[in-house]
*Asks:* 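Just passing along the structure, written as structure tokens.
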Amino acid sequence: PAKVPLATRPLGLWGTAMTARRNVLELIPAIATRQPIVSGKTGLRWHMVMDPESLRRILKEKVEDYPKSTTTKLILNPAIGDSLFVAEGAHWRWQRRAAAPAFAQRHVEALGPVMTAAAEASCRRLEGATGPVDLFEETVAATFEVISDVTFSGQGGFDRDAVHHAIDAYIAQTARISLMDVMGLPGWLPRPGRLFAGLGLKRMKGIADQAIAERAGAAEKDGPPDLLDLLLDAQDPETGRAMNRDELRDNLLTFIVAGHETTALTLAWALYLCAFDPAVQEAAHDEAARALGDRAATAADLGALPLTMRIVNEALRLYPPAAFLSRTAQAPDRLCGREVLPGDTVMLPIYALHRHHLLWDRPDAFDPGRFLTAPDRYAFLPFGAGPRICIGASFALQEAVIILATLLARFRFERIAGRDPQPRMILTLRPQGGVWLKVRRR
Ligand code: HEM
């Protein structure tokens with residue numbers, strides 16, 4: 001089978017991890033594995049880990065020794081504070097406990113109608129489209145609708161542009177790893193390019209603060225509780241403490257940011273892959289048309305859409321939105337026989353892991369059938385693993401299958417010659433310039 005587009009023109013550290021193809025069972029030297037950049041000092045070595053056993057050790061068995069990397073925190077703190085995504089220890093545990101009920105299977109299923117409505121709205125927009133469509137922009141619109149309904153019941157005064165401009169500007173200016181980070185220079189030293197990113201963020205936080213203040217002062221609202229209600233009510237079972245306003249805001253922004261672009265990327269890549277392989281697209285169309293007839297998909301249809309789910313998984317394998325995870329080692333350790341020192345950065349290059357030829361048969365081919373059997377748990381990590389696994393994984397999978405099946409039942413997607421999307425790592429793995437496809441009503 002033909003190869004799908006690969007990440008191209010690797011640059012620096014990102015690129016090394018994106019294209020690492022060899023030594024799967026070893027740590028791959030990125031800048032220096034055995035030789036510290038400045039000998040005798042710790043915290044200056046970066047390791048690439050693609051051995052499933054070592055990944056299990058980092059993410060599950062020795063999770064306390066491998067907290068999120070200093071660089072992750074440096075990049076994300078100004079945007080989302082010390083929220084669930086970045087916090088550690090007791091502060092992480094209680095935030096995870098507070099948010100967990102909202103992401104329990106039963107609650108996620110109850111959110112199905114919000115996702116179905118977003119799929120319907122997406123179809124209406126596509127019906128009106130003339131000419132090629134950027135499916136990434138379209139799927140961002142759909143998933144943003146879902147997340148703003150789920151977090152604020154759509155009452156937050158957030159519009160997609162406010163959030164996107166803030167995040168895009170921030171990411172554009174900050175997410176490229178600074179040489180100063182690689183050198184292990186302390187976080188309080190300002191990084192060039194990170195100084196000007198604050199304005200959009202301030203605006204975004206202002207909108208969230210206002211939404212929280214309005215809700216906290218409002219009488220009971222109609223309808224089922226949304227995430228804001230759940231977090232306002234959440235109490236730490238051990239201390240009885242509730243979230244303060246800053247914590248509430250940082251977590252809501254975390255859900256909005258972590259929860260929609262990732263799913264939109266998955267959907268956009270899945271649609272591209274269907275256009276790339278029309279036979280798979282026809283089979284998925286037949287499955288969706290049989291299960292749904294004229295209506296949009298609901299959470300109850302998931303069991304009847306196994307091929308759609310496999311396509312979503314294969315999109316997550318080939319184009320994992322979180323193409324990298326990173327940790328900072330706290331204790332001396334050995335991974336694959338190599339020494340890891342406290343302060344060393346350990347990179348988990350998910351994109352490269354998912355395409356490794358020792359772990360996957362024909363790794364660069366689009367083949368949803370490979371998910372007929374479950375892959376090795378630690379060879380497929382689109383949502384991470386262990387205690388820090390993505391809290392929104394089943395939410396995202398349900399949303400992706402509902403929207404993808406609904407679109408494939410009603411439309412045919414075709415590639416445009418010369419406009420295949422190019423994956424680029426910019427904090428998430430994004431299609432540079434969008435995912436442009438021809439869309440035809442069936
Ligand atoms: C954590 C990926 C959707 C909220 C993570 C992690 C990954 C990930 C890889 C672990 C990061 C690490 O270990 O360093 C994805 C992908 C998604 C998705 C690929 C879509 C396809 C969502 C959604 C939400 C969400 C829908 C919420 C509505 C979070 C949060 C965490 C997280 C809060 C931090 C959890 C913790 O540390 O306890 N995600 N995510 N994600 N994700 Fe997702």
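If you're wondering where the values come from, they're calculated on a predicted model, not measured in any experiment. Atoms within each ligand, like the ligands themselves, are counted from 1 in listed order.
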*Asks:* Could you check atom 21 (C) of ligand 1 against the protein and tell me its nearest heavy-atom contact, residue, atom and distance included?
*Replies:*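 For atom 21 (C) of ligand 1, the nearest protein heavy atom is Thr266 OG1, 3.3 Å.
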*Asks:* Given the side-chain rings of Phe380 and Phe371, with only the six-membered ring counted for Trp, is the space between their centroids under 6.0 Å?
*Replies:*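 That pair passes the under 6.0 Å test.
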*Asks:* List every atom of ligand 1 that sits less than 4.0 Å from any heavy atom of Arg96, numbering the atoms from 1 in the order shown and giving each element.
*Replies:*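 It comes down to these atoms of ligand 1: 35 (C), 36 (C), 38 (O).
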*Asks:* Do the ring centers of Phe255 and Phe103 come within less than 6.0 Å of each other?
*Replies:*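 Yes, the ring centres sit under 6.0 Å apart.
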*Asks:* So, Asn251 side chain and Glu247 main chain: donor-acceptor pair closer than 3.5 Å or not?
*Replies:*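 Yes.
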*Asks:* Would you please name every residue forming a salt bridge (Lys or Arg N to Asp or Glu O under 4.0 Å) with Glu88, sequence neighbours left out?
*Replies:*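 So Glu88 forms a salt bridge (Lys or Arg N to Asp or Glu O under 4.0 Å) with Lys73, Arg388.
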*Asks:* Is Asp364 salt-bridged to Arg355, going by a charged N under 4.0 Å from an acidic O?
*Replies:*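 Counted as a salt bridge, because a side-chain N and a carboxylate O are separated by less than 4.0 Å.
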*Asks:* Within a reach of under 6.0 Å around CD of Glu61, are more than 12 heavy atoms found that belong to other residues, nucleotides or ligands?
*Replies:*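 Atom CD in Glu61 is packed in, count exceeds 12.
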*Asks:* Applying side chain to side chain contact (heavy atoms under 4.5 Å, CB included) between Lys62 and each of Asp65, Leu59, Ile58, report the one that passes.
*Replies:*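 Only one option passes, and that is Asp65.
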*Asks:* Taking atom types as modelled and ignoring hydrogens, do the side chains of Tyr378 and Asp51 form a donor-acceptor contact shorter than 3.5 angstrom?
*Replies:*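 Checked: Tyr378/Asp51 side chains show no N/O donor-acceptor pair below 3.5 Å.
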*Asks:* Would you mind running through ligand 1 and noting each atom that sits below 4.0 Å from a heavy atom of Pro382?
*Replies:*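 The list of qualifying atoms is 2 (C), 9 (C), 19 (C).
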*Asks:* To check your reading of the model: name the closest protein heavy atom to atom 12 (C) of ligand 1, its residue, and the distance in Å.
*Replies:*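 For atom 12 (C) of ligand 1, the nearest protein heavy atom comes out as Lys68 NZ, 3.3 Å.
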*Asks:* Please check this pair: side chain of Glu314 against backbone of Asp367, looking for a donor-acceptor N/O pair closer than 3.5 Å.
*Replies:*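 Yes; judged by distance alone, with no hydrogens or angles, the pair exists.
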*Asks:* Find all atoms of ligand 1 within a distance of less than 4.0 Å from any non-hydrogen atom belonging to Trp92, and give their numbers and elements.
*Replies:*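 It comes down to these atoms of ligand 1: 36 (C), 37 (O), 38 (O).
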*Asks:* Could you work out, for atom 28 (C) of ligand 1, the closest of Phe324, Phe103, Tyr319 by heavy-atom distance?
*Replies:*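 The nearest heavy atom belongs to Phe103.
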*Asks:* Check for me: within less than 2.8 Å of atom 43 (Fe) of ligand 1, which protein N/O/S atoms show up?
*Replies:*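 Those protein N, O or S atoms (cut-off: under 2.8 Å from atom 43 (Fe) of ligand 1) are Cys390 SG.
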*Asks:* Kindly identify the option in Glu399, Arg388, Arg327, His260 whose heavy atom sits closest to atom 10 (C) of ligand 1.
*Replies:*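 Shortest heavy-atom distance from atom 10 (C) of ligand 1: Arg388.
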*Asks:* Does Lys68, at its NZ atom, have more than 12 non-hydrogen atoms belonging to other residues, nucleotides or ligands within less than 6.0 Å?
*Replies:*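 More than 12 heavy atoms, drawn from other residues, nucleotides or ligands, come within 6.0 Å of this atom.
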*Asks:* Please could you name the atoms of ligand 1 that Ile147 approaches to less than 4.0 Å, counting only its heavy atoms?
*Replies:*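 It comes down to these atoms of ligand 1: 28 (C).
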